[in-house]
A.B. asks: 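If you scroll down you'll find the structure; I have some questions about it.
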Amino acid sequence: MNNSAVATQDVSCLHCGNPSLSGNSFCCSGCESVYSFLHTEGLEHFYQLREQFSFRSQRKRIHIAQNVFPLTNELEKSHSLQLYIEGIHCLGCLWLLEKLPDFLPKIKTASLDLDSNILTITRKTNEYKWNNVIQKIHAFGYDVKIIENNLEEIKASDTKKQLARIGIAAFSAGNIMLLSISIYGGADPYWGIRFGWLSLIFSIPSLTYSAWPIYKNTLLSIKNKMISVDSAIVLALIAGTVISIWSLINNNEQHIYLDSLSMLVFFLLSSRFFLQRIREKIGKESPLLNLLKKEFYQVNRDGITPLSIAASDIAINDKITLALNQVTPVDSKLINDSAYFDFSLLTGESSPVKLFAGEVVESGAICLSEDAYVQSLSKAKDSRFAKILDQIRAKKMLRTKSIDFADRVAKYFVFFVLLVSASIIFIDPTETGFQKALALVIVSCPCVLAFSIPLATTKALQLSAKKGILLVNAEKLDALSRIKQIFFDKTGTLTTGNFEMLKWTQLQGDILQTQQIVKTIEQQSSHPIARSIVKNLTNVASLDNLSSYKEIPGIGVEGSILGSTWRVQKNPHVAAISHYRDLSLVVLQNGSTVAEIQLGDKVREEALPTVSKLRSIGYKLHILSGDSFERVRYVANKLSIKNWHAELLPEEKSKIISTFQDSIMIGDGINDAIAFQVASVGISMQGALEESAKNSDIIFTKPGLNNILTTLQIAKRTKSIILGNFTISLLYNAIGSVLAILGIISPLWAAVLMPLSSLSVFLLTHIQMERGFE
Amino acid sequence: MNILFLLIPIATGIGIAGVIAFIYAVRKGQFDDLSTPAYRILVDESERKIDELDSK
């Protein structure tokens, strides 16, 4: 097919579908080259498939700004390579990527996992360079990130072993169930005893191979002098096996618990497997975690060839080009005449700072200019940023590992079951009483320990992931349900952290026309203030009759439209008077003031309702900020938070928190990350700096402060559901096993009722968890 | 009821065969990726080969 023959007037690009402005069949040469490549390779089928089926449209594509792909020696030698691919949106993508071996003959296989966006490729000979494939995929228009460690592989072999254990446990449990039902159903003693011995044989693989991880965990927790869920289960397993063998030896087929025990092992392993699987899936679907990896920087070392290298490899005197919004990796010196930087993640300081040539840019500062050129003064590991990270690590080591939610609750449960059992023996100190007590222990443990706790935790994780709350540490659910103090960072948490237009005061003339003119002029500038004005005027159209434009450094911008000269500049009168307003601008038409614009770090719209709600529930609220006294006071007054501290160093934040118990620290900067370690729970906001998110317990993946209300609500509900499940299954099983032993209902009925109790727990958990969160 | 002496070993044998088949499937990676194959089946493997056959 000839490409140029298709051109018409209202064209959309033949490759990507975007409108083509030039009137050609393609919007850009990139699309054209991909299109012609697909045609020469006979891969036009891509376009048909794309029409048929598209998925994943709900997630926004993340741009990985990387076009050089350095590989470690180890990966260069390895016969397979894993790549994280961003930009997969349709069936055509799947087809195209898995077609790689067809047109790159040196590639043996290519397979894509849509859950994780990970493409695994293998090659035929080691002489073939991986970079050829990566460049090809990149040329197709996908963003590529190399996965450096083969963690996935290790995880995969672990998963396989777990599945094998579950399979064997299912085999044991199923076969023993068949035999037990006939015993319960009244098989004559001749067969009953034989079935009993057979059950014992069937239970051996389940109780040894399958249950092995449970024994291992118990040994660990005994070493640490703790009672965990697993130690309670091991107790039930050992007690049950001993009693069963004892009964068999005494030719008594009525007290064989091997069916319950093998069921317990099966339920426990499979529920844990699913829990883990769901956690992994939540982790995989959050692109954030995939991107919490190495950031690469464009570095010019010898003055000729630019390199793309990781922050850790930057040497002293390297010249680094920082892209817009990139974090400065090392303490460095600015080479450009001037550039804007945002220090809010490092210090909490909210307004952009202008630095001049020769001034020091601290690591952790975000570049707000298009291309800032800096020279490194230190290695990454010696920079200010790295020193804060070291402190975080040190604090993390000190942090006592919080006890797993399930283990904590299981302790109560085990204690309670033992108490009930003991009182049964006390009331009826005969052999029957002893058997009743034991039956209760063996029968009630599976239901709660293997079923209801993992179920409630999993539901909580799923629900919160759906709401945009990533619970990195699930055990923090317990701590969350006991929170009393909430510490907020200011910049980026209570406020948006961006420089925004707070107020537009029109003094004379038409407001809409003035805004149009201001937008038109400010669009020409790449200054951060100009950019935020344009961003806040998205609903206003821009004009196309700008006849002249100039930037007046340090003052503002000027342009002529419709015969008048317009100027947007700093307001010299207001700035000195009000401290809390970050910046005041005036719009001048031919020298006379037309409008006033106030800019600043805006308090989030949802901050006031969220804060008042939290206060009415009874939480104590605090603000800890590194920003100036005046700005923090302004925000604190606005939200009527009485306990606030300003101009804090990161270390001071954690010092204040450590004087309180049961606290949450919520923030977004690296200066909050030390505080995360001291607080009971550390939460990082959406858009938080990578290092800060990595060191928090909970990550918000959706913007907004009201997530915190949902988080607390989910945690509280989870706890009450688990406690409710305890009561239900304990009552259920206590009554069931007592009735069975007293002979009021037959053991067969008891065996039928047991799964029913699990089912009711399952339904209750599901209903209660979903209620009120739609 | 003596038939049970035959039936139970047969049932057990079938069960063990099932477990072996399951473990074999796990080892071969059948359960590694549960969502992509659902889409992959929508794509015809040998688009070009079918065309060639048709033209013959």
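Chain A is the first sequence line, chain B the second, and so forth, proteins listed ahead of strands; every chain is numbered from 1.
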A.B. asks: For A:Lys161 and A:Asp158, run salt bridge (Lys or Arg N to Asp or Glu O under 4.0 Å): C-alpha distance rounded to whole Å, both residues' side-chain angles, the deciding distance at 0.1 Å, then the answer.
C.D. replies: CA-CA 5 Å; A:Lys161 215 174 233 167; A:Asp158 197 44; over 6 Å; no
A.B. asks: Just say parallel, tilted or perpendicular for the rings of B:Phe31 and B:Phe22, cut-offs at 30° and 60°.
C.D. replies: tilted
A.B. asks: Determine which residues belonging to residues 6-16 of chain B lie within contact range of chain A, meaning some heavy atom pair is under 4.5 Å apart, and list them by number or answer 'none'.
C.D. replies: B:Ile8, B:Thr12, B:Gly15, B:Ile16
A.B. asks: Which atoms of B:Val26 are under 4.5 Å from chain A, going by heavy atoms: the side chain, the backbone, both sets, or neither?
C.D. replies: both
A.B. asks: State whether a side-chain donor-acceptor pair under 3.5 Å links A:Thr122 with A:Thr109.
C.D. replies: yes
A.B. asks: If you take all heavy atoms of A:Ala169 and A:Ser210, which pair is closest and at what distance?
C.D. replies: N-OG, 3.4 Å
A.B. asks: Need one label for A:Leu178: side chain, backbone, both or neither, based on atoms under 4.5 Å from any heavy atom in chain B.
C.D. replies: neither
A.B. asks: Are there over 12 heavy-atom neighbours, none belonging to B:Phe5, within less than 6.0 Å of that residue's CZ?
C.D. replies: yes
A.B. asks: Does B:Thr36 have any side chain to side chain donor-acceptor pair (under 3.5 Å) partners at least two apart in sequence or in another chain, and if so, which?
C.D. replies: B:Asp33
A.B. asks: For residues A:Leu268 and A:Ile214, report the shortest heavy-atom separation together with the two atoms involved.
C.D. replies: CD2-CD1, 3.3 Å
